[in-house]
Number of protein chains: 2
Amino acid sequence: MDPKQLLKEHIAKTAKLSDNEHDDFFNYFTPKSYKKGEYIITAGDRVDCEYFVLSGCIKTFYINDNLKMFVLQFAMPACWASDYNALYNREKATIGVGCITDAEVLCLSNNAREEACKRIPQVEHFFRARMTGEYVASQKRLLSTMNNNVKYRYEELITLFPELYNMVPKRLIAAYMGVSRETLSRLHNP
Amino acid sequence: MDPKQLLKEHIAKTAKLSDNEHDDFFNYFTPKSYKKGEYIITAGDRVDCEYFVLSGCIKTFYINDNLKMFVLQFAMPACWASDYNALYNREKATIGVGCITDAEVLCLSNNAREEACKRIPQVEHFFRARMTGEYVASQKRLLSTMNNNVKYRYEELITLFPELYNMVPKRLIAAYMGVSRETLSRLHNP
DNA sequence: GAAAAAATGTGATCTACATCACACAATTTG
DNA sequence: CAAATTGTGTGATGTAGATCACATTTTTTC
């Protein structure tokens, strides 16, 4: 789909932008393309942008001291990704962002977002709604992690996002659920 | 501390309200008092308000089908608490809110917040910043849960919030970490 | 301040998942 | 298309934390 249209429909779910305002807002973004396997943010980087996914699939992840990876998010089209702690608090990245497939994104810098929020109240409203939604989703995931076993959570995930089953290697899905790839593999034949 | 002043200083960390604007905003709140053990929100309720804690300690929690409780948050003074999923999406509460000690709060209804956000841009800015912060914190907690063992997370929690050690029963701290009270108890003498 | 209720400690046993090890399959690369 | 790389399946074994059971301590209530 046309990038501008995808963004417009995404925003329309929570905020009301006039066509002029949307044109205005859209100009704050810059498009970029990445190849499968490329990294958009690597731990230690200065983080300047958040990324709105147009096509492909992107992961955000954390790697601990033992080099074990945890996936925070699989970002499909019309999702946003970045290291928000680093972005908002001007700290170095501890979260990485990488491409699971070839991907196109729209980049929005911290400064651009803040300026757009100041100039266009409905843009600030949109980002408030977005962050509220992310917070609620993150809490739900935390609860599900504490409450349900691996099998249940795996089926929950694949039911919610069937695309992931073929698009994403199982070891990354295991890393999303915080279990070893062996354990995930053993769910089929118990 | 004076409720108005506590709220003012809390907001000042992320938004700039003139004294007039703050007076205006403050009028949207209504104060309430609760006794230790009382519930502010019970699962199944219609949720109309979020709560800004003035004094005491409040928990937000989820109870699963086996009646096992998980604590999402210990809200101390200058923290906010509610079931945000229910509040924003006009659904019935699945998260409860209860008082660990006697507590005083300021209630802000959904309508009041939205009206204040519309009329006072810096109020909308404040809530955006707040939700961004909550999202980042929630992700950090998820990572810590997947990455660290109980002992580490317990010490992390008590280091960050030493008040909890004496104020909150250990079984609730266990419920916050998603482990049994027995396991928490065994951390002392391993 | 005695009785009841709630919270905590501690042993014994069970279990979901981790880790290690290696075979096999699929995908990428030159 | 052959070789190298990356991903997946599966057995054997180890372990953190759950669960059950009961004793002890602390707090609440009348």
Side-chain angles (χ1 to χ4, degrees), chain A residues 34-39 56-57 59 61 63-71 74 98-103 142-158 164-190, chain B residues 34-39 56-57 59 61 63-71 74 98-103 142-158 164-190:
Chain A
Y34 295 91
K35 288 281 164 206
K36 176 174 177 173
E38 276 191 272
Y39 292 96
C57 181
K59 67 175 191 275
F61 60 95
I63 293 179
N64 75 7
D65 300 341
N66 307 321
L67 303 182
K68 189 166 161 181
M69 176 192 289
F70 297 90
V71 171
F74 297 112
C99 299
I100 295 177
T101 66
D102 291 358
L142 180 69
L143 271 183
S144 184
T145 301
M146 295 203 293
N147 199 9
N148 303 120
N149 65 16
V150 181
K151 183 163 193 184
Y152 184 93
R153 280 152 51 211
Y154 179 63
E155 283 160 7
E156 183 180 59
L157 181 71
I158 295 301
L164 291 179
Y165 188 83
N166 288 314
M167 188 178 253
V168 174
K170 300 284 169 289
R171 46 168 269 273
L172 288 184
I173 295 186
Y176 178 87
M177 301 200 301
V179 300
S180 68
R181 53 166 203 85
E182 292 95 330
T183 294
L184 186 67
S185 170
R186 276 186 256 265
L187 293 183
H188 316 304
N189 306 8
Chain B
Y34 295 91
K35 286 282 165 203
K36 175 174 177 173
E38 277 192 272
Y39 291 97
C57 182
K59 66 175 191 277
F61 61 95
I63 293 180
N64 76 5
D65 299 342
N66 307 322
L67 303 183
K68 189 166 160 182
M69 175 191 290
F70 297 91
V71 171
F74 296 112
C99 299
I100 295 176
T101 66
D102 291 357
L142 180 69
L143 272 182
S144 183
T145 301
M146 296 203 293
N147 199 8
N148 303 120
N149 66 15
V150 182
K151 183 162 194 184
Y152 183 92
R153 280 152 51 212
Y154 179 63
E155 282 160 8
E156 182 179 57
L157 181 71
I158 295 301
L164 292 179
Y165 188 83
N166 288 314
M167 189 178 251
V168 174
K170 301 283 170 289
R171 46 168 271 272
L172 288 184
I173 295 184
Y176 178 88
M177 301 200 301
V179 300
S180 68
R181 55 168 200 84
E182 292 95 329
T183 294
L184 185 68
S185 170
R186 275 187 257 267
L187 293 182
H188 316 303
N189 307 7

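The figures that follow rest on heavy atoms only: side chains count, while hydrogens, waters and symmetry mates do not. Protein chains get the first letters and strands the later ones, always in sequence-line order, with residue 1 at the start of each.
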Response to the item:
Between its two end axes (five pairs each) the helix from C:dG1-D:dC30 to C:dG30-D:dC1 turns, nearest 10 degrees, through 60°
Response to the item:
Rounded to the nearest 0.5 Å, the OH atom of A:Tyr152 sits from the CG atom of A:Leu157 at a distance of 12.5 Å
Worksheet item: So A:Val150 and A:Met177, side-chain contact (heavy atoms from CB on, under 4.5 Å) or not? Walk me through it.
Response: CA-CA 7 Å; A:Val150 181; A:Met177 301 200 301; 3.7 Å; yes
Response to the item:
Taken to the nearest 0.5 Å, the spacing of B:Asn148 CG from A:Asn64 CG works out to 8.0 Å
Worksheet item: Under the 6.0 Å and 45° cation-pi test, does A:Lys59 pair with A:Phe61?
Response: yes
Fill in: Closest-nucleotide 5' rank along DNA chain C - winner of A:Arg153 and A:Glu182
A:Arg153
Discussion item. Is any side-chain heavy atom of A:Arg153 closer than 4.5 Å to one of A:Thr145?
Written reply: yes
Discussion item. Counting only side-chain heavy atoms from C-beta out, which of D:dC22, D:dT8, D:dT19 sits nearest to A:Arg171?
Written reply: D:dT8
Worksheet entry | Distance, rounded to the nearest Å, where A:Leu184 contributes CG and D:dT8 contributes C1' | 10 Å
Discussion item. Between A:Leu172 and A:Met69, is there a side-chain heavy-atom distance shorter than 4.5 Å?
Written reply: yes
Discussion item. Check this one for me: any side-chain N or O of B:Lys36 less than 4.0 Å away from OP1 or OP2 of D:dT28?
Written reply: yes
Response to the item:
In whole angstroms, the gap separating C1' of D:dT28 from NZ of B:Lys35 amounts to 15 Å
Worksheet item: Rounded to whole angstroms, how far apart are CD1 on A:Ile173 and P on D:dG9?
Response: 11 Å
Worksheet entry | NZ on B:Lys170 to OH on B:Tyr176, rounded to 0.5 Å | 15.5 Å
Worksheet item: Expressed in angstrom and rounded to an integer, what is the separation of A:Met146 atom CE from D:dG17 atom P?
Response: 14 Å
Discussion item. Can you measure B:Leu67 atom CG to D:dT19 atom P for me and round it to whole angstrom units?
Written reply: 13 Å
Worksheet entry | Side-chain (A:Asn66) to main-chain (A:Lys68) donor-acceptor, under 3.5 angstrom | no
Worksheet item: Between D:dT15 atom C1' and B:Arg186 atom CZ, what is the distance in whole Å?
Response: 14 Å
Response to the item:
Min and max contacting nt of DNA chain C in 5' to 3' order, chain A heavy atoms within under 4.0 angstrom, are C:dC17 to C:dT28
Discussion item. For a quick check of understanding: with a heavy-atom distance under 4.0 Å over all strands, which category does B:Gly178 fall into, base, sugar-phosphate or nothing?
Written reply: sugar-phosphate
Worksheet item: Between A:Asn149 and A:Arg181, which has a closest nucleotide on DNA chain C that is more 5'?
Response: A:Asn149
Item to complete: Round to the nearest Å and state the distance from B:Asn166 atom CG to D:dT26 atom C1'.
Response: 14 Å
Worksheet item: Within a strict 4.5 Å, meaning less than it, do heavy atoms of the A:Asp102 and A:Tyr34 side chains meet?
Response: no
Worksheet item: If you check every side-chain atom of A:Ser185, which of D:dG9, D:dA12, D:dA18 has the closest atom?
Response: D:dG9
